[in-house]
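To start, the structure itself, in C-alpha cells.
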2 protein chains.
Amino acid sequence: MLPNQKSEPRSLTARGAATRSRIVDAAADLIYAHGVDRTSLDDVMAASSVSKSQLYHYFADKDALVLEVIARQTERVFEAQTPHLEALDSLPALKLWRNAIVRLNKAAHGKGCPLGTLASELANGFEPARKCLADSFAMWRDRIEQGLTKMRERGELAASADPYELAVAVLSAIQGGLLLAKTTHSSRPLEIALDMAIDHVARHMTKA
Amino acid sequence: MLPNQKSEPRSLTARGAATRSRIVDAAADLIYAHGVDRTSLDDVMAASSVSKSQLYHYFADKDALVLEVIARQTERVFEAQTPHLEALDSLPALKLWRNAIVRLNKAAHGKGCPLGTLASELANGFEPARKCLADSFAMWRDRIEQGLTKMRERGELAASADPYELAVAVLSAIQGGLLLAKTTHSSRPLEIALDMAIDHVARHMTKA
DNA sequence: GCACGACTGGACTGTCAAGTCCAATCGATG
DNA sequence: CATCGATTGGACTTGACAGTCCAGTCGTGC
C-alpha cells in the first residue's frame, strides 16, 4: 500500500495553474447544468478549449475532477452568500440573508443548490465525494451556528436554545425549499421553508 | 402531428402485465440505489430476468420506463406512510408520523427519499419527469394539507394559519432533512428538521 | 386444432465516453 | 543557447450502452 499519489505534477507554472482552473470552472458549470453523469469530458474539453491530454495531465481521472468541482462549488456557494454568512447574528441579518438566497435562486432560474444536487447524485456510490460534501455542509452549518452562538452569548437567544440544532434545521429548510422550488418551478416553497426556519429561530429568542 | 402513441400494445394478458410490472419494480430498485444515469437497461434486464426485446415491447424507450418508475416510486412512498398520511389531523398523529419517517429512513440505510433523488436528478433536462414529480409532491403536500385543514375546521389550528403553506414547509423539512441525513450518514438532521416542522405547526395551534 | 396477436430470445448496430499513448512545443534556468 | 520538465495536440483503443431487427414460441378465441 504505497501512498500512490499518481496524479498532479509536483509544480505548476502560472500558465498551468490557469489552465487547470479553467477546466474546473467549465466542469463546474456543465455539471451544475446537467449533472455529473450527463457531463462528458469531451464537453468539458470543448467548454474550456483544452485537449484530452491536458485533462489527464491535471487530473488522474474524472472522479478527481469531480472532487475538485465540489471544492469549487463550495467556494462559490460561500462567496454568493457573502457578506451575509459572516454575521448571521440578529433577526434582521437573518431576514436579509433569506432575501438574498431567494434572489440567488431566482437568478439561477431555480436550478437549485449546486451542493445539494451534487450531494443527491453522489452521496451513494462515490464515498470520497460524499465525505467532501458532508464537510461542505458542515462548514455551512457552522457559519450559521456561529451567528446563533453569538446571539446566545449576547442573551438574545435563550440559554436553552441549541445553536447547532437550530443551524441544522435552517440548513435543512434551505435544501428542502430549494429542491421543491426546482421541481415546481416556483420560488414559493423556498420562501415558505426559509420563513419557517427563521420563525423557528425567532421562537427561541428572549423577549425583545 | 398525429397522436403518435407508438408504444404499449393495446391489450395486455395477465402474464404480460406481470412481466411489465416486474420490469418496473426492478428498474425502480436499481434507480433508487444508483440513480437513473448509472442504471443501464442491461442491469434492468438482468435484475428482472427479461430480454431486451421485452423491454422495448413494453416501453418505447428508457425515458418511458423512467416515467413509470416515478409513478411506481410515488405509490411506494405513499404506501410506506400508510396509514399515517391519511389522518395527519392532530399533534400526536404528526409525531407518530415523524417517528415512522425516521424509522423508514433508517431502514433504507439513509439512502434518502426516492422522489427527492429522482427530482434532483431529473428536474432539469427531462421536463415530463419534472412535471410528474411536481405532481407527486403536490399530492404529498395535499395529504398533509388535508389533515391540517381538518384541524383548522375543528378550531385546533388558528384561523389565521394557512394549511397549504404549513404543508409546504413540512414537506420542505422532510426533503432537506433527508438530503442532509443521506450526505452525513446520520439520521439526526432528519429528526431535527422534522421537529422544527412539527414545532412550526404547533405554534399555529390554538391553546390546548 | 388453427390462426392470430401477444409475447419472448438474443444477436447486431451505431454512437459515445473514458482513458491511453506518443510526439511535439514552450519556457525558465544555467 | 542548450536542457529538462511542464505543457499541449490529437489520434487511438476499449468498452458500455441505447436502440433495432427478426425469427421463434405461447395461449386464447373461434
Side-chain angles (χ1 to χ4, degrees), chain A residues 4-27 29-31 33-69 121-122 125-126 128-129, chain B residues 4-28 30-31 33-69 121-122 125-126 128-129:
Chain A
N4 139 332
Q5 292 279 115
K6 141 185 188 160
S7 67
E8 304 187 20
R10 277 76 185 119
S11 66
L12 279 191
T13 65
R15 189 156 59 115
T19 301
R20 187 186 152 93
S21 184
R22 191 153 37 94
I23 294 170
V24 176
D25 271 328
D29 290 341
L30 288 168
I31 286 176
H34 307 120
V36 172
D37 290 330
R38 294 184 185 197
T39 299
S40 73
L41 296 183
D42 291 302
D43 294 337
V44 174
M45 284 166 54
S48 56
S49 300
V50 137
S51 72
K52 203 114 209 204
S53 67
Q54 295 180 65
L55 273 188
Y56 282 91
H57 180 67
Y58 293 109
F59 307 96
D61 53 21
K62 188 177 179 179
D63 282 351
L65 175 57
V66 167
L67 251 15
E68 293 280 328
V69 165
E121 189 172 1
L122 301 172
F126 184 17
Chain B
N4 144 330
Q5 291 279 112
K6 138 179 193 169
S7 67
E8 305 188 21
R10 279 74 184 117
S11 65
L12 279 190
T13 65
R15 189 157 60 116
T19 301
R20 188 186 151 94
S21 183
R22 191 154 37 95
I23 294 170
V24 176
D25 271 328
L30 289 167
I31 287 176
H34 307 120
V36 173
D37 290 330
R38 295 185 185 194
T39 298
S40 72
L41 295 184
D42 291 301
D43 295 337
V44 175
M45 284 166 53
S48 56
S49 300
V50 137
S51 73
K52 203 117 212 204
S53 65
Q54 296 180 65
L55 274 187
Y56 283 92
H57 179 67
Y58 294 109
F59 307 95
D61 52 21
K62 189 177 179 180
D63 282 351
L65 175 57
V66 168
L67 251 14
E68 293 280 330
V69 165
E121 190 171 0
L122 300 172
F126 183 18

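The structure presented is a predicted model; accordingly, all values stated were derived computationally and were not measured. Just so we're on the same page: letters track the sequence lines, and every chain starts at 1.
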* d(NE2, B:His57; C1', D:dC26) in whole Å -> 12 Å

* Asked: Does OP1 or OP2 of C:dC21 have a side-chain N or O of A:Tyr56 closer than 4.0 Å?
  -> no

* Between the side chain of A:Ser21 and the main-chain N/O of A:Ala17, is any donor-acceptor distance below 3.5 Å? -> no

* What is the distance from CG of A:Leu55 to P of D:dT7, rounded to the nearest Å? -> 14 Å

* **Phosphate OP1/OP2 of D:dT8: any A:Gln54 side-chain N/O under 4.0 Å** => yes

* Asked: Counting only N and O atoms by type, is there a donor-acceptor contact under 3.5 Å from the side chain of A:Asp25 to the main-chain atoms of A:Arg22?
  -> no

* Structure fact -> Of the listed C:dG19, C:dT8, D:dT20, the closest approach to the B:Ser51 side chain comes from C:dT8

* Asked: If only atom types and distance count, is the side chain of A:Glu68 paired as donor or acceptor with the main-chain N or O of A:Ala27 below 3.5 Å?
  -> no

* Asked: A:Phe59 has an atom CZ; how far is it from atom P of C:dA17, in whole Å?
  -> 19 Å

* Record whether the side chain of A:Lys52 comes under 3.5 Å of the base of D:dA11 through a donor-acceptor pair of N or O atoms. => no

* Main-chain N/O of A:Gly35 paired to B:Glu121 side chain as donor or acceptor, under 3.5 Å -> no

* Structure fact -> d(A:Lys52 NZ, A:Leu55 CG) to nearest 0.5 Å is 7.5 Å

* Could you give the NE2-to-P distance, from B:His34 to D:dA16, as a whole number of Å? -> 16 Å

* To the nearest Å, give me how far apart CG (B:Asp37) and P (C:dC16) are. => 16 Å

* Structure fact -> Stems field, DNA chain D, Watson-Crick or wobble, 3.5 Å, at least 3 pairs, by first number, holds C:1-30 with D:1-30

* Structure fact -> Output for pair (B:Ser40 OG, B:Met45 CE), nearest 0.5 Å, gives 8.5 Å

* Rounded distance (Å) that lies between atom P of C:dT8 and atom CZ of B:Arg20 -> 13 Å

* Distance in angstrom units between A:Met45 CE and D:dT7 C1', rounded -> 15 Å

* **Nearest-nucleotide comparison on DNA chain C, the residue closer to the 5′ end among A:Leu41 and A:Ser53** => A:Leu41

* To do: Apply side-chain hydrogen bond (donor to acceptor under 3.5 Å, both in side chains) to A:Asp42 and list each qualifying residue two or more places apart in sequence or on a separate chain.
  => none

* Asked: Nearest-Å distance, CD1 (A:Ile23) to C1' (D:dT8)?
  -> 11 Å

